[in-house]
Asks: 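One structure is given below, represented as structure tokens, and several questions about it will come after.
The first residue in the sequence is number 1, and the count goes up from there. Both counts, for ligands and for their atoms, begin at 1 and track the order of listing. Values reported hereafter were calculated over all heavy atoms of this structure, with side chains retained and with hydrogens, waters and symmetry mates removed. Please read these numbers as outputs of a predicted model, since none were measured by experiment.
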Amino acid sequence: MPPPVWLMRQAGRYLPEYREIRSHAGTFLDLCYAPDLAIEATLQPVRRFSLDAAIVFSDILLVPHALGQEVSFSEGKGPKLAALKQSGDLKGLVLEDVATKLRPVYEAIKQLHRELAPEIALIGFAGAPWTLAAYMIEGKTSRHFSKAQNWAKAEPQSFSKLIDVLVEAVSGHLIRQVEAGADVVQIFDSWAGVLSPEAFERWVVQPTRAIVGKVKEAVPGTPVIGFPRGVDVLYKDYAEASGVDGVSIDTQVSPAWAAAELQDKVCVQGNLDPEALVEGGKRMRDATAQILEALGSGPFVFNLGHGVVPQTPPEHVSELLETIRGAV
Ligand code: CP3
């Protein structure tokens, strides 16, 4: 049996039909908060390709936005946030408003749950507290997120308060997505890889464990996938200690290592290089075969090691799916 397959960022700018709705939607946030458009963006890749899952079209930065932080996206420059500068700024974050402000996401999920064929899994998601805190303090994307790292080191007590607020906001957001009809949730910790092992344990593993505990308490049996991108051998600690059921691995992890060290603990998801999908052809087929060879006999979900990039030719996604399903 071929493994189930979906792709991180399977909706987005590489699809002409996405660029079409994006051009009428106003800002990127307007698109995320309009259930009809978010539903359409979610369904576009599912209609075009025979994927095994749909991931609700949204963004991890909706949670900081719903907490009251200013967030905007400018074309080609990525996200911009009104950076938190000192502990006093945490007072501006209002947990009580999050559920109401994110209602359009739950509305989209409810309708998607009704519309999607039952064999297609519906995935909800959120950013992990560390990655969200990193954007909230830095105000934009960054190579090392040193402002956030320095805050965590210099003032662990106030940083911990921020993480606690995010644990509450994120677990509530995930629980409401599952209640609305999501079958699985994924926690994106895209910047886990910049932390020291000690900081990783405190700001990634512990908060993730708290979130997983809350989700499973509220909706028992919900599968949770974690993606602590870039953490190398610490993936093993994460698989052992965070409580997640599945771990998404990035392109730096060798599939054979993941098979030996992770697959007896969790379902592994990954990890084709998005650049191999851009290139297509032999490079893509060889890399896919290698991943299937190493991971295909254990609990496994085929995915990329990071999101689909805008330069990806859509035909290469069809070719990838044929390769995966023809190989087994
Ligand atoms: O996977 C899917 O199809 C669902 C959609 C999805 C988006 N963002 C849509 C999006 C998901 C799962 C995300 C997660 C996300 N957002 C992450 C975690 C995964 C990762 O990439 O590490 C992060 C760090 C963000 C924050 C974010 N949002 C950034 C850094 C950017 C700008 C970079 C870029 O590609 O433009 C965004 C914008 C964004 N989120 C776009 C999309 C389709 C592009 C904006 C547009 O279409 O104008």
Asks: Could you tell me how the ring of W191 sits relative to the ring of Y135: parallel (under 30°), tilted (30 to 60°) or perpendicular (over 60°)?
Replies: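 Perpendicular: the ring planes of W191 and Y135 meet at over 60°.
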Asks: Between W130 and T208, do the side chains contain an N or O donor and an N or O acceptor separated by less than 3.5 Å?
Replies: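 No pair is found: no donor N or O on one side chain lies under 3.5 Å from an acceptor on the other.
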Asks: Please set out all donor-acceptor pairs under 3.5 angstrom arising from side-chain atoms of residues 10-32, sequence neighbours excluded.
Replies:
from : atom 1 : to  : atom 2 : distance (Å)
Q10  : OE1    : L7  : N      : 3.0
Q10  : NE2    : A53 : O      : 2.9
Y14  : OH     : Q10 : O      : 2.7
E17  : OE1    : R48 : NH2    : 2.9
E17  : OE2    : R48 : NE     : 2.8
R19  : NH1    : R13 : O      : 2.6
E20  : OE2    : H24 : NE2    : 2.9
R22  : NH1    : G26 : O      : 3.0
S23  : OG     : E20 : O      : 2.8
T27  : OG1    : L29 : N      : 3.4
T27  : OG1    : D30 : N      : 3.0
T27  : OG1    : D30 : OD1    : 3.4
T27  : OG1    : D30 : OD2    : 3.2
D30  : OD2    : T27 : N      : 3.0

Asks: May I have the list of side-chain donor-acceptor pairs in residues 242-249 shorter than 3.5 Å, sequence neighbours left out?
Replies:
from : atom 1 : to   : atom 2 : distance (Å)
S242 : OG     : Y238 : O      : 2.8
S242 : OG     : V244 : N      : 3.4
D245 : OD1    : K216 : NZ     : 3.2
D245 : OD2    : K216 : NZ     : 2.8
D245 : OD2    : V224 : N      : 2.8
S248 : OG     : Q269 : NE2    : 2.9

Asks: What distance do L304 atom CG and D273 atom CG have between them, rounded to the nearest 0.5 Å?
Replies: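 So the CG of L304 and the CG of D273 are separated by 8.5 Å.
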Asks: Going by atom type alone, with no hydrogens or angles, which donor-acceptor pairs under 3.5 Å involve a side-chain atom of residues 81-100 and a protein atom two or more places apart or on another chain?
Replies:
from : atom 1 : to  : atom 2 : distance (Å)
D89  : OD2    : K85 : N      : 2.6
D89  : OD2    : Q86 : N      : 3.2

Asks: Write down, by chain and number, every protein residue that brings a non-hydrogen atom to less than 4.0 Å from an atom of ligand 1.
Replies: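 Residues within 4.0 Å of ligand 1: M8, R9, Q10, A11, R13, Y18, R22, F28, I55, V56, F57, S58, D59, I60, F73, G78, P79, F125, Y135, F188, S190, H306.
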